[in-house]
Protein chains: 2
Amino acid sequence: MTEAVSRPTLEAVAARAGVSRATVSRVVNGGDGVREPLAERVRQAVEELGYVPNQAARSLVTKRHDAVAVVIAEPEARVFADPFFALQLRGISKELTAHDNQLVLLLTEGRADHARVARYLAGGHVDGALVFSLHLDDPLPGLIRKAGVPTVFGGRPDWSDGGPGPVYVDSDNRGGAREAVRHLVGLGRTRIAHITGVLDQTSAVDRLDGYRDVMGDADPRLVVESDFTPGGGERAMRELLDRCPDVDAVFAANDLTALGALRVLREHGRRVPDDVAVIGFDDVLPVAEQAEPPLTTVRQDIEEMGRLMARLLLRGRAGETPGAALAQASGAAPAEASGAGVVLPTTLIRRASA
Amino acid sequence: MTEAVSRPTLEAVAARAGVSRATVSRVVNGGDGVREPLAERVRQAVEELGYVPNQAARSLVTKRHDAVAVVIAEPEARVFADPFFALQLRGISKELTAHDNQLVLLLTEGRADHARVARYLAGGHVDGALVFSLHLDDPLPGLIRKAGVPTVFGGRPDWSDGGPGPVYVDSDNRGGAREAVRHLVGLGRTRIAHITGVLDQTSAVDRLDGYRDVMGDADPRLVVESDFTPGGGERAMRELLDRCPDVDAVFAANDLTALGALRVLREHGRRVPDDVAVIGFDDVLPVAEQAEPPLTTVRQDIEEMGRLMARLLLRGRAGETPGAALAQASGAAPAEASGAGVVLPTTLIRRASA
DNA sequence: CTGAAAGCGCTAACAG
DNA sequence: CTGTTAGCGCTTTCAG
């Protein structure tokens, strides 16, 4: 474990190049307004001394930090069982890196950590925040708003106040769910069940709504509440088989849930998709592809969601509207951009299970 | 996206409390040396104004940042398919949070990002670095050493120079592998194969060595190289079945690999564990428990590894030796602490597959 | 186009 | 025990 050594300062570079600190500063920050002979001499001095600007000093005067906080408020261990979170982070990281911003990760383990996060955000350490995994009665959004930090949410928040709606990025959960269920209907299935996610998250509610859009008049016993985990999927599937032995299709709220359902179906000797067709949600590759049989599922571009969140935050900071940022967002075309929310499209990936 | 507002300064608090800035500073930083009537008045002013110290200003003078970088150098997508990484992060985050340190996440997508990471680390933005996923010929460690930042590695690095060895935290990969293979032997298996991980990582090499410790004289065709992924596990298992149809046990380098092997075994009508026993490594719950059949595997305490890394870094910074930090590390007792490396024990978790 | 000078908000001697 | 005084390293008017 090496000792940190003291780094050269602007002053040192200036001395070496025979110019003033101001000139060095100009060159280091874009270089406009400095004539060529000088600029080159400065660059050389920077190189020779291995000068790296001291971010603390810079922030002190600019009030910018080139850093963004990513807040993951997931008390349950679910985030850690699901590559979802990692993919999202990867997208965020890519975008942030491209704009020379750092990613400060704030993980919370329950309410006790909320105050800490709020304090940090309020402390003006970062230029903005990206916030995930909000649940219905979560006090965090309120705290964050009070902190006065530009924020983009991952997933549609479920609250709304008088002011302008929160900026968020979401997948078209409802539309994706509809597509999945319609596919099942197209397969000739009539007893189509839905295993929900945790219903205090909007993603779960939206998927349930999508299911109902198509199956509005279905037997209510075909809907069973669950929690986005394989274990929950198993329990739900057992109950389903018990309540409705004639079920011939299952739309699970996510791939992990589908995995649990698949296992119980196998246990009970039901063949997939012959006896019961199964569709998941997410298309988390290692899960969906490795399932037995490989899972038909609703794909959402998780990495792109992360990237877009970061882009919105960065652009918004520059004074543009989310819409403008959105217009410039390459890659997946947003399905919808109502108010301050951006909703990415989903696509049905057909594999063997349905 | 709210505008950031300007926060109250020390000065403001001082004015409100009718004291000097120095006094407020003292109260804010521990409060020793300030008599009670005053201290209380200051605390009140802090409260009323909602004062939060400006970290940039503080760092500028203290040269400390209370921030640690976590560098994940994994060009492949593997990290994102494996909850390993998330668990490690969780452990790190917990420990860092407990000591009021922030976690700055540096994800790299290949060599192009190395320079950026090196620059950041050299820039003195953080007090230390936690570095993961090193491969054999990785230039990153060299760059990091040059940056002169206190560093703790996750997993035993494969290089060594003249100086004091690098500080690292690792699992007892070799011992764990031995235990797994011995278990297989105890089951009466004789044709025990090993599907390796990526052999440019020490964890994979150590597991292979452990296998050889027990099976030194075995048929060399029983060892097939792979890459820690389910797909790789499938390919390896096919080759194994082809080369040695009489194989009766498989020790896979990790759970994901075992998953692939399981699938191919099933495909070929081999029953697990009756015909072929299978053992994995990691005990990543959603993988191992949900496998078909549930996987017997070598468990490593991933979260604890993360926590320990952070602890070592924090303690090392305070001038203690890693050994001292280690002695204070609660929870899992280290199996071994040679030089600057800390090796955590592993345990065999028996489920249905072997 | 370049340099001089004035802080950004905070801590850390040093006096009193 | 408390206040005064210097800066930390950088950007940014403002002159020249």
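Naming: A, B, ... by sequence-line order, numbering from 1 per chain.
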**Message:** Between A:E36 and A:R43, does any NZ, NE, NH1 or NH2 come within less than 4.0 Å of an OD or OE carboxylate oxygen?
**Reply:**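 Looking at A:E36 together with A:R43, the answer is yes, because their closest N to O distance falls below 4.0 Å.
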**Message:** For B:R21 and A:R58, find the nucleotide of DNA chain D closest to each by heavy atoms; which residue's nucleotide sits nearer the 5' end?
**Reply:**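 So the residue in question is B:R21.
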**Asked** Where each residue is assigned the nucleotide of DNA chain D containing its nearest heavy atom, which of B:V34 and B:L60 is assigned the position nearer the 5′ end?
**Response**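 Its nucleotide being nearer the 5' end, the pick is B:V34.
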Side-chain N or O of [X] closer than 4.0 Å to phosphate OP1/OP2 of [N]:
| X | N | result |
| --- | --- | --- |
| A:K63 | D:dT11 | no |
| A:S20 | C:dA4 | no |
| A:T23 | C:dG3 | yes |
| B:N29 | C:dT11 | yes |
| B:S25 | C:dT11 | yes |

**Prompt:** What is the distance from atom OG of B:S59 to atom CD of A:Q55, rounded to the nearest 0.5 Å?
**Reply:**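 Between atom OG of B:S59 and atom CD of A:Q55 there are 10.5 Å.
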**Asked** B:A69 and B:L121: which non-hydrogen atoms are nearest, and at how many Å?
**Response**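 That would be CB-CD1, 3.9 Å.
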**Asked** A:R26 has a side chain; which of D:dT11, C:dG3, C:dC14 sits nearest to it?
**Response**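 Nearest nucleotide to the side chain: C:dG3.
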**Prompt:** A:R35 has a side chain; which of C:dG9, C:dT2, C:dG7 sits nearest to it?
**Reply:**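 Nearest to the side-chain atoms of A:R35, counting from C-beta on, is C:dT2.
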**Asked** Rounding to a whole Å, what distance do you find between B:E36:CD and D:dT2:C1'?
**Response**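 My rounded result for the distance is 15 Å.
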